[in-house]
Visitor: 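Following this message is one structure expressed as structure tokens.
Throughout, a chain's letter reflects where its sequence line sits, starting with A, and its residues are numbered from 1. FYI, side chains are in, hydrogens and waters are out, and symmetry mates aren't considered; it's all heavy atoms of this structure. A quick note: this is a predicted structure, and the numbers were derived from the prediction, not measured.
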2 protein chains.
Amino acid sequence: MTPSSTPPSIHGQSAIRVEIVVMTVVNSDLKVMLEKRIDQPFSGTWALPGDFVSISADKNQGEDLFTAAQRVLKSATGMTGTNRFLEQIYTFGRAGRDPRMRVISVAWCALVPPELFDMQTDATVQWFSASEETPWIRMAFDHAEILEIGIQHLRNRVDHSTLAFELVPPTFTVGELRTVYDAIKSKRYDPRNFRRRFQRMLTSGLVEEASGKRHLGKSRPAKVWRLSEQFNEKVSKGS
Amino acid sequence: MTPSSTPPSIHGQSAIRVEIVVMTVVNSDLKVMLEKRIDQPFSGTWALPGDFVSISADKNQGEDLFTAAQRVLKSATGMTGTNRFLEQIYTFGRAGRDPRMRVISVAWCALVPPELFDMQTDATVQWFSASEETPWIRMAFDHAEILEIGIQHLRNRVDHSTLAFELVPPTFTVGELRTVYDAIKSKRYDPRNFRRRFQRMLTSGLVEEASGKRHLGKSRPAKVWRLSEQFNEKVSKGS
DNA sequence: CCAATAGTGTCTATAAGACAGTATTTC
DNA sequence: GAAATACTGTCTTATAGACACTATTGG
């Protein structure tokens with residue numbers, strides 16, 4: 001091997017995209033945001049939010065991948081401020097995956113608060129239930145595969161990170177937190193066993209008691225908690 | 001968002017590379033293969049094996065990322081046949097990471113049998129101990145970061161895959177397998193506790209007894225085992 | 001006999017799953 | 001009182017770590 005010694009120009013260049021699997025949890029249902037394509041190819045099918053990465057020939061070379069992912073996420077959700085959970089998951093670069101030209105897509109996984117679910121729904125932007133509807137949607141390019149890996153990434157990470165707290169209000173009850181776990185893992189955690197798990201979050205200092213109580217339905221009011229200040233920081237990493 | 005509707009040409013294009021973190025275990029020591037750069041930039045420093053991905057403007061669009069990774073791996077190791085462990089780990093695309101031009105590097109993690117360690121060592125190709133020497137090597141570009149993430153990937157995966165069996169002979173003793181785990185995790189597993197873990201591999205059908213015994217040093221001969229046929233297949237996935 | 005590894009077994013701690021029962025609210 | 005959720009607790013199982021002991025080889 002001759003590392004990096006060959007002039008790159010003879011190898012050709014490729015367009016670079018970022019595609020974001022934007023997810024949230026509403027009513028214990030994991031939702032994913034998709035956009036309807038209007039142009040060819042795959043006109044009329046659903047696609048992940050995404051865009052080409054700006055690349056320039058001058059000295060600054062264009063925008064970072066992470067910056068591009070943030071930009072697309074803000075544009076798709078209308079959110080201001082930086083998102084706390086935006087992680088790179090995989091890069092898709094098979095030849096022919098875009099019929100027009102060679103395209104490399106760096107896929108990302110993002111979580112947004114459930115409030116967005118109510119706001120953002122029209123003819124071109126729609127939220128789909130990840131567990132049930134997703135397999136039946138006709139999707140553009142290889143986005144069905146990307147979506148699958150994005151959901152898988154979320155399921156693998158939820159047990160070893162604080163990402164679940166991105167999907168509950170700043171103060172929350174044990175039941176609300178469990179509901180988020182239920183939705184992501186697509187199973188019903190036993191409320192009694194989950195509470196034991198929550199107890200360990202408490203003794204380890206991950207969560208702390210908040211003031212007041214909350215009662216949602218027709219049942220006993222529950223204590224409210226919050227993520228401890230020291231953990232209440234951003235978790236993402238760029239590239 | 002306008003999904004994929006904008007003509008890509010105005011966004012510019014980038015060179016695409018694959019970089020491989022090639023690792024093996026020799027004498028309970030995790031080793032990584034590096035190549036010495038001769039050309040500028042970073043002349044004289046060490047770099048991961050890698051190359052530009054061939055991209056063409058015609059209909060076939062060039063080679064797949066996975067194919068490129070396989071090609072680089074074969075070229076760097078001189079191995080024939082397809083490698084069983086070659087997994088994509090992360091994509092590095094920060095602007096300015098290559099001073100010459102914009103380059104996106106898709107990083108991969110590969111395991112090769114220990115025999116290669118003896119063969120491949122000269123002025124330009126060298127194996128370094130991952131646990132001790134690595135922090136002290138002057139590396140090209142952001143390859144130190146890529147290497148770090150590659151080692152981390154291996155450590156995370158070894159407990160939930162059959163990857164350790166890539167680094168022992170076709171038939172092996174419990175001690176030989178434990179030695180591989182020791183090297184990858186950079187800790188000493190208790191031989192008695194590890195044997196219990198091995199027992200579970202046995203009862204679950206992951207490994208099975210082979211004929212004969214083996215004794216390496218000056219001690220009691222040990223039973224030999226093999227990975228069960230049903231698991232003895234390739235594990236990698238392309239993109 | 002000594003050194004070294006193979007192989008068997010015990011005790012403890014942690015975490016997850018199944019499940020019993022009481023407490024407090026709305027209707 | 002009925003329904004629903006909050007909260008406390010028990011029993012069992014799986015896994016990992018610390019550690020004691022015997023077995024078989026080479027020197």
Visitor: Between CZ of Arg97(B) and CZ of Arg17(B), what distance do you get to the nearest 0.5 Å?
Guide: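 Atom-to-atom, Arg97(B):CZ and Arg17(B):CZ are 8.0 Å apart.
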Visitor: Compute the centroid of each ring, for Phe172(B) and then for Phe165(B), and state whether the two points are separated by less than 6.0 Å.
Guide: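 Ring centres of Phe165(B) and Phe172(B) closer than 6.0 Å.
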Visitor: Any donor-acceptor pair under 3.5 Å joining the side chain of Arg196(A) to the base of dA16(C)?
Guide: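 Yes, the side chain and the base share a sub-3.5 Å donor-acceptor pair.
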Visitor: Would you say Lys223(A) reaches dT24(C)'s phosphate, i.e. side-chain N/O to OP1/OP2 under 4.0 Å?
Guide: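 Indeed not, no polar side-chain atom of Lys223(A) lies that close.
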Visitor: Measuring to OP1 and OP2 of dG7(C), would you say a side-chain N or O of Arg195(B) lies under 4.0 angstrom away?
Guide: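 For Arg195(B), the contact criterion (side-chain N or O under 4.0 Å from OP1 or OP2 of dG7(C)) is met.
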Visitor: For Pro221(A) and for Arg200(A), locate the closest nucleotide of DNA chain C by heavy-atom distance; then report the residue assigned to the nucleotide nearer the 5' terminus.
Guide: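 Its nucleotide being nearer the 5' end, the pick is Arg200(A).
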Visitor: Among dG9(C), dT26(C), dC19(C), which is the nearest nucleotide to the side chain of Lys218(A)?
Guide: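 Given the options dG9(C), dT26(C), dC19(C), the side chain of Lys218(A) is closest to dT26(C).
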Visitor: Does Asn193(A) or Leu216(A) map to a spot on DNA chain D nearer the 5' end, using the closest nucleotide for each?
Guide: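 The residue whose closest nucleotide sits nearer the 5' end is Leu216(A).
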Visitor: How many whole angstroms separate atom OH of Tyr189(A) from atom P of dA15(C)?
Guide: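 It works out to 15 Å between those atoms.
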Visitor: To the nearest angstrom, how far is Glu176(B) atom CD from dA6(C) atom C1'?
Guide: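 Interatomic distance, CD of Glu176(B) to C1' of dA6(C): 13 Å.
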Visitor: How is Arg178(A) classified with respect to the nucleic acid when contacts are heavy atoms under 4.0 Å: base, sugar-phosphate, or nothing?
Guide: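 Arg178(A): backbone/sugar contact only, no base atoms under 4.0 Å.
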Visitor: For Val106(B) and Trp108(B), which heavy atoms make the closest approach, and how far apart are they?
Guide: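 So the minimum-distance heavy-atom pair works out to O-CD1, 3.2 Å.
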Visitor: Look at atom CZ of Arg188(A) and say whether more than 12 heavy atoms of other residues, nucleotides or ligands are closer to it than 6.0 Å.
Guide: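 At most 12 heavy atoms, drawn from other residues, nucleotides or ligands, come within 6.0 Å of this atom.
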Visitor: Can you check the Gln199(B) CD to dA6(C) C1' distance for me, whole Å?
Guide: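 Those two atoms, CD and C1', are 13 Å apart.
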Visitor: With no hydrogens and no angle check, do the side chains of Thr173(B) and Arg178(B) hold a donor and an acceptor under 3.5 Å apart?
Guide: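 Side-chain D/A pair, Thr173(B) to Arg178(B): absent.
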Visitor: Using a 4.0 Å cut-off to any heavy atom of chain B, which nucleotides of DNA chain D are the first and last in contact, reading 5' to 3'?
Guide: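 With heavy atoms of chain B under 4.0 Å away, the range is dT15(D) to dG26(D).
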Visitor: Which comes earlier along DNA chain D counting from the 5' end, the contact point of Gly217(B) or that of Arg220(A), where each point is its nearest nucleotide?
Guide: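 Between the two, 5'-proximity favours Arg220(A).
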Visitor: Determine whether the side chains of Ser105(B) and Glu19(B) contain a donor N or O and an acceptor N or O closer than 3.5 Å.
Guide: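 There is such a pair between these side chains.
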Visitor: Take atom CZ of Arg192(A) and atom P of dA18(C), then tell me their distance rounded to the nearest Å.
Guide: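 It works out to 10 Å between those atoms.
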Visitor: Report the distance from atom OH of Tyr181(A) to atom P of dA16(C), rounded to the nearest whole Å.
Guide: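 Roughly 10 Å, once rounded to whole Å.
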Visitor: Please state how far atom NZ in Lys213(A) lies from atom P in dT26(C), giving the value in whole angstrom units.
Guide: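 Taking NZ of Lys213(A) and P of dT26(C), I get 13 Å after rounding.
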Visitor: Using whole Å, what does the distance between atom C1' of nucleotide dG7(C) and atom CZ of Arg197(B) come to?
Guide: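 After rounding, the gap between these two atoms is 19 Å.
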Visitor: Does either side chain, that of Ser28(B) or that of Asp182(B), offer a donor lying less than 3.5 Å from an acceptor on the other one?
Guide: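 Result is no, nothing qualifies.
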Visitor: Which whole-number value in Å describes the distance from Lys185(A) NZ to dG17(C) C1'?
Guide: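 For the pair Lys185(A) NZ and dG17(C) C1', the rounded distance is 14 Å.
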